[in-house]
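Single-structure report; data block below.
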Amino acid sequence: MKLLIVESPGKIKKLQSFLDQDWRVAASVGHIRDLPDQDYGLIPPAFKPNYVVSKPDVVNRLQSLIQQADEVYLASDPDREGEAIAWHLKDVFGLSSYKRVTYTAITKADVEAGIANPRELDMALVHAQEARRALDRLVGYMVSGPLCRAVAENKMSAGRVQSPAVRLIVEREREIKAFVSTTHYGVELLFERVENISDGWKAVWLPKEGWLAEDQDYVLDKAVAEKVAAVRTLDVLSFEEKESRAAPPAPFTTSSLQQAASNALKFKPKKTMDLAQKLYEAGHITYMRTDSPNLSESAIVEIRAYADAQGLPLPEKPRTWKSKDGAQEAHEAIRPTHIDVETAGESADEKALYSLIRIRALASQLADAVFAVRVGRLGADVDGKPAVFEARGRTLLEKGWKEVLASDDSEEKEEEPSNAVPELKPNGQVVALQGLVSTKKTKPKPRFKEATLVREMEKRGIGRPATYAAILENITSRDYLREEKGCLVPTPRGEKLVDALQPCFSFLDLDFTRSMEDALDDVASGKLTYAACLGTMYDKLSSELTVFQEKHVVPCPECGDREQFAHLYSREKGYNYWRCKACGASFADAQGRPGAKREKPAQTEFCCDTCGKPLNHVKGEKNGRAYDFFSCSDKECGATYDNVDGKPVARKPREVTEYKCVKCGKPLTLYEGIGKQSGKPYKKFNCTGYPKCRQSYWVKADGTPDFENLPK
């Protein structure tokens, strides 16, 4: 048997249909190993990752299949993440003999070509993926804890790329709030219908030519605009007629697909990527994580042949595009696997996205759109000063790529208004029918939408195409921003995050973020080692963290210690206070800062019935509920007593039942209480292994513990 291991279970059925009965296709379901959840998992100075198996059930299943296989083919996705997944498979299963295969489209021809041309693992790509994961771990684990303490808010997290993305949104919002609008005026002259031009034509005043000082941008005096608008007879200063050509937009990259799907289909980036994944797995499109705008030679030949057969206009030579700086270009642009297939996908959304991809790829190889452009400059005298107007018009002569695609949906652009200017004779005159004064107000930059934020992140080098959707989902789920009418607005929590991090940490600096992405690219190309990349970031982060902690440290109000005074909080265990290990003092929490000092329980003259030690009088409030009882001063004894008229009364021991805790195996006791919120009585079985085991169970109608539906 030959075993082909892919990432996603969604590919299995399609791939199996291409292969004969000697083949078995199985999925790793993504990564089978990762860094541990509870600590860094990185050992300096080499920062060797300490991986743990994250999917033991998958590992066991694959191990069984590998033992039966004669040959093992590692066919995870053709990118850094996929290369790392293949390496983890090889390492976990100790594969001394394996074949690494890749393909950028799930078609019979592409898959068979990939299998026929196996290669060794590209360890530079593996190390680049490890470096990205490790850098994210360093920032998250080193900074998030001190950040929570500094801003006095729980579950705040710092992210190497997420935090700069939040910064973009926060700064844009503050620019908008600080913006002061300027009212200014413009003039437009309307002329009569000429040469069967039904709506006439117009010319716009150019006030920068003789009416504004060098430091002025706008006409602020309405009276001046009204004088200019009163002009009726104008001289034709010049007239130019020429052709202009507009090339089609490039085929989709990951980011331009997300932008176009947002603008044209109103899809969020995550939805776009989920739909594209399904189209890829079904064999309808090529790999959807790419930053290259260019197509393979075979794809260009196929598209041009199809366009020619359909009578669509073609340029003499195939088109290529210049990639953006920093593009990896590991794969071609996103395109349909077969250009002649007009409809593909299971759902309406999949079909809509496929159509967007197909039309864009087809248009990319078609001829330019050709326009006739006319530009006339008109002049008149206003109070002894020359007033210059421009009449600009454009008429479509040859549709070219616009035969199939109206416009570039990757960006929201204002269409140039139609203005059919007639042929004008220099030194001649024209007469305006009407002059209009327009009142305008300057506007701030618009708030980011998900599509425009993706474009800005790409422009600034924050993250890479495969990460944009995950970044947006991350910062939204952590409540650093919210969506209002399709726009992204920072929350107070997001602003607090940026204000705390930006003064101290360089990973909030957008140029530094770009340089770290470049460093990861250098690891992928073998120019930089994994350890060197991590070491540079670790050293910088360590020094910045020292400054940050010194800036935000809270000294103990009792003894002034700055090292051993900490905020202790646990929602699960129900405590929230400050405690100093140096002097033992503790304080109530007051909105994230130490409040009133917590007094130690007062020792009484009463003694414990169990061990004879003095009893403490314990009084206070927890989770909004007051408590008042006696407890033994010996913590190992732990006996407690109710306070009845100021005296300790032994609590009635709860009856131990015959039922056992499924979590730790200790007996259960039946507890009756009153709900904190509902105020209604309830019954519950509690484990006697408290406090180590905190498991409890509802009581079923027959009086037995409900081991299936556990309390939250």
Side-chain angles (χ1 to χ4, degrees), residues 103-105 107-110 113 241-257 259-261 263-265 276 279-280 283-288 290-324 327 329-345 351-374 393-411 413 415-416 418:
Y103 38 82
T104 57
T107 65
K108 185 176 178 62
D110 285 277
E241 189 169 15
K242 60 182 180 180
E243 278 190 359
S244 71
R245 308 180 75 87
F252 285 130
T253 61
T254 302
S255 61
S256 63
L257 175 63
Q259 294 166 46
N263 294 330
L265 305 175
L279 290 171
Y280 168 65
H284 300 313
I285 63 171
T286 54
Y287 194 54
M288 65 287 167
T290 176
D291 55 11
S292 172
N294 289 305
L295 300 172
S296 66
E297 290 184 11
S298 60
I300 291 175
V301 169
E302 181 185 348
I303 291 173
R304 286 176 65 88
Y306 174 81
D308 188 48
Q310 297 297 314
L312 296 171
L314 285 166
E316 290 185 9
K317 296 181 180 179
R319 294 187 184 277
T320 58
W321 283 265
K322 186 179 184 302
S323 299
K324 296 182 183 294
E329 296 195 271
H331 318 297
E332 65 174 316
I334 305 169
R335 63 170 175 85
T337 52
H338 301 292
I339 195 67
D340 57 338
V341 177
E342 296 185 4
T343 303
K351 291 175 182 177
L353 187 64
Y354 174 82
S355 178
L356 199 69
I357 293 168
R358 177 181 177 272
I359 295 300
R360 180 69 166 249
L362 176 59
S364 74
Q365 290 301 314
L366 298 184
D368 291 346
V370 181
F371 298 86
V373 179
R374 287 177 170 179
R394 191 176 77 155
T395 305
L396 182 63
L397 298 179
E398 298 175 19
K399 286 187 175 182
W401 58 274
K402 287 182 175 288
E403 291 273 5
V404 296
L405 181 64
S407 62
D408 180 355
D409 288 321
S410 294
E411 300 182 15
K413 298 178 180 178
E415 287 292 327
E416 187 174 321
S418 60

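Every heavy atom of this structure was used, including side-chain atoms; hydrogens, water molecules and symmetry mates were not.
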Is there a donor-acceptor pair closer than 3.5 Å between any side-chain N or O of [X] and the backbone N or O of [Y]?
X	Y	result
Arg394	Arg374	no
Arg360	Ala250	yes
Thr290	Glu332	yes
Thr286	Ala333	yes
Ser364	Pro249	no
Gln259	Ser255	yes
Lys402	Ala406	yes
Gln365	Leu314	no

Compare every heavy atom of [Y] with every heavy atom of [X], then report the nearest pair and how far apart it is.
X	Y	value
Leu366	Gly400	CD1-O, 4.4 Å
Ile303	Ala361	CD1-O, 3.9 Å
Thr254	Met288	OG1-O, 2.8 Å
Leu353	Ala261	CD1-CB, 4.0 Å
Trp321	Pro251	CZ3-CD, 3.6 Å

* For Tyr354, all residues meeting ring pair (Phe, Tyr, Trp, His ring centres under 6.0 Å), sequence neighbours excluded -> none
* Asked: Does the distance from a Lys or Arg side-chain N to an Asp or Glu carboxylate O, for Asp368 and Arg319, drop under 4.0 Å?
  ->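 Counted as a salt bridge, because a side-chain N and a carboxylate O are separated by less than 4.0 Å.
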